[in-house]
Amino acid sequence: MLDLKLIRENVDLVRQAIKNKNEKADIDAILELDDKKRKAQFEFDNLKAEQNRVSKEIGTLKKEKKDASSLLNEMQNMAADIKDLSTNLSNINTALEIAMLTIPNIPHESVIIGKSEDNNIIVREWGKKREFDFEPKEHTELAEQNNLLDIIRGAKISGSGFPVYNSQGALLERALINFMLDFHIKKHGYREVMVPLIVNRETMTGTGQLPKLENDMYHINEDDFFLIPTAEVPVTNLFSNEIMPYNKLPQKLVAYTPCFRREAGSYGKDTKGLQRLHQFNKVEMVRFVHPDESWEVLEEMCNDAEEILQALKLPYHVLSLCTGDMSFASAKTYDLMVWAPGAQKYLEVSSVSNFTDFQARRASIRFRDTDGKVRFVHTLNGSGLATPRTFIAILENYQNEDGTITVPDVLVPYMHGLQVISVED
RNA sequence: GGAGAGGUGGCCGAGCCGGCUGAAGGCGCACGCCUGCUAAGCGUGUGUAGGCUAAUCCCCUACCGAGGGUUCGAAUCCCUCCCUCUCCGCCA
């Protein structure tokens, strides 16, 4: 959510931001509602003040055993008027709030203006693509040969996009999660949290998934609950409706959770194997920082995510997303794309974003600054990392000619010392 | 799931036979005084949001879990919902 004052005073800026983000939002309607609201509020306040004053008089009169009936009669009408004004005011407020939720965050000035992912720019590359002296296989084939995944049975018990990890595949998946968690905790100083995977509507609205993406969420009707699409949702909302004392900032949290996404509208796209799933595992970093620090922290977080790929020795590049490809709530986003030599393409394994005060406003996450003033924090989050495509990249980059897979050094301790993944009976 | 208790300011805790309570008292915190240092003591201040304003002064409005109702007037009465705690039952 944006600051209404900012919208009022920078209409053109906001209009341009909406356009650059390929979003639709009716600024004029908001300005009109805002105007109406202030007028309605003024009327209400004045009448209410009058009522409060007279009501006190009535109280005094009654205490002195004097007659107050004429005032009482008068006040009945006023009470009715106030009720009308109050209804009117809350209607306007509701409409305004709903409208405000449809306005996206404003991209940072450093973000390239562009329509689609084609306009994203590579800001840096890391690692060397391995030279193969044989034809590298795709992860699906490698997984099959080593009995790491069971896509078919996953589809049988749930549906497509719900993979089953088998034996050493399950071990590798678990190793990845634990390795990443430990790495961020020990090396980068994050604090681990384990959070609910099911959240309520308010929480889902706080981080900006709702109302826009309702169709992408798994929804539990009876309770109006949602399955989380990312740990960002529960973790960021941990401090919703709170005012943190100054010394509570910054907060660096990391959480592993499964993530659930309906992926509505993306049928037929990247469906092979683990590329696009309805349920997947992800380690997520979330930060709450002082507004003055968020841009610096964005770079730091991106680096935190990159270090995982570096430790795994997987070649990647970093994209700075253009305005049109960024999410609704983000002011700036970097995507980490890992190289998959079997598929011969880069796969997104992490998305690191600065949401500035956008989520903080929605969820009301504030802090008391050193000068005593209450301000909104800035929130950031980044995958560190999503496992499925990391899994793919490991299989494809570390495959041997015979189809076995060498375990990356850093994962060996997490694989009970196993150094090579090979067929198991 | 059954029975009971309860949700008030950063915290504890009054108020709850309706009005002078945005809210006593205490703790904490901030500033000042005092003090050889520390402790104690004294004084003042200390919620959020909106409006007004040059203003973080004053003044007005809203908020005592959330929403609705009764009333001239509700933290206080009524209804619905949510949550917490205790006991019982059930269960990973």
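Every chain is numbered from 1, with letters handed out A, B, ... down the list of sequences. Keep in mind that this is a model prediction, so the values were computed, not measured.
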Between the protein and nucleotides 63-65 of chain B, are there any N/O to N/O pairs under 3.5 Å, and if so, what are the atom names and distances?
none

Taking N or O atoms only and anything under 3.5 Å, show me the protein contacts with nucleotides 15-17 of chain B, one pair per line.
none

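Sequence order on RNA chain B of the closest nucleotides to A:Gln51 and A:Arg368 puts A:Arg368 first from the 5' end.
Heavy atoms of A:Lys62 sit under 4.0 angstrom from at least one base atom.
Remark: the separation of the C1' atoms in B:U80 and B:C27 is 37 Å, to the nearest Å. If you take atom P in B:G47 and the same atom in B:C34, they sit 27 Å apart, rounded to whole Å. Across the C1' atoms, B:A66 and B:A75 are found 14 Å apart, a figure rounded to whole Å. For the C1' atoms, the distance from B:G6 to B:C90 is 25 Å, rounded to whole Å. Look at the P atom in both B:A74 and B:G65: the space between them is 15 Å, to the nearest Å. Comparing the C1' positions of B:A5 and B:C58 gives an interatomic distance of 44 Å, to the nearest angstrom.
Classification of the A:Tyr218-A:Phe162 ring pair by plane angle, with boundaries at 30° and 60°, yields tilted. Taking the six-membered ring for Trp and thresholds of 30 and 60 degrees, A:Phe328 and A:Phe358 have ring planes more than 60 degrees apart, a perpendicular arrangement.
The side-chain contact (heavy atoms from CB on, under 4.5 Å) test applied to A:Lys248 returns A:Met244, A:Pro245, A:Gln251, not counting sequence neighbours.
Residue pairs meeting the salt bridge (charged side-chain N to carboxylate O under 4.0 Å, His left out) criterion with at least one member in residues 161-178 of chain A, sequence neighbours excluded, do not occur.
Within residues 71-93 of chain A, the residues approached by RNA chain B to less than 4.0 Å at the level of any non-hydrogen atom are A:Leu72, A:Met75, A:Gln76, A:Ala79, A:Lys83, in residue-number order. RNA chain B lies under 4.0 Å from at least one heavy atom of each of the following residues of residues 31-50 of chain A: A:Phe44, A:Asp45, A:Lys48, A:Ala49.
Distances were taken from every side-chain heavy atom of A:Arg366 (C-beta onward) to each of B:G19, B:A49, B:U61; the shortest belongs to B:A49.
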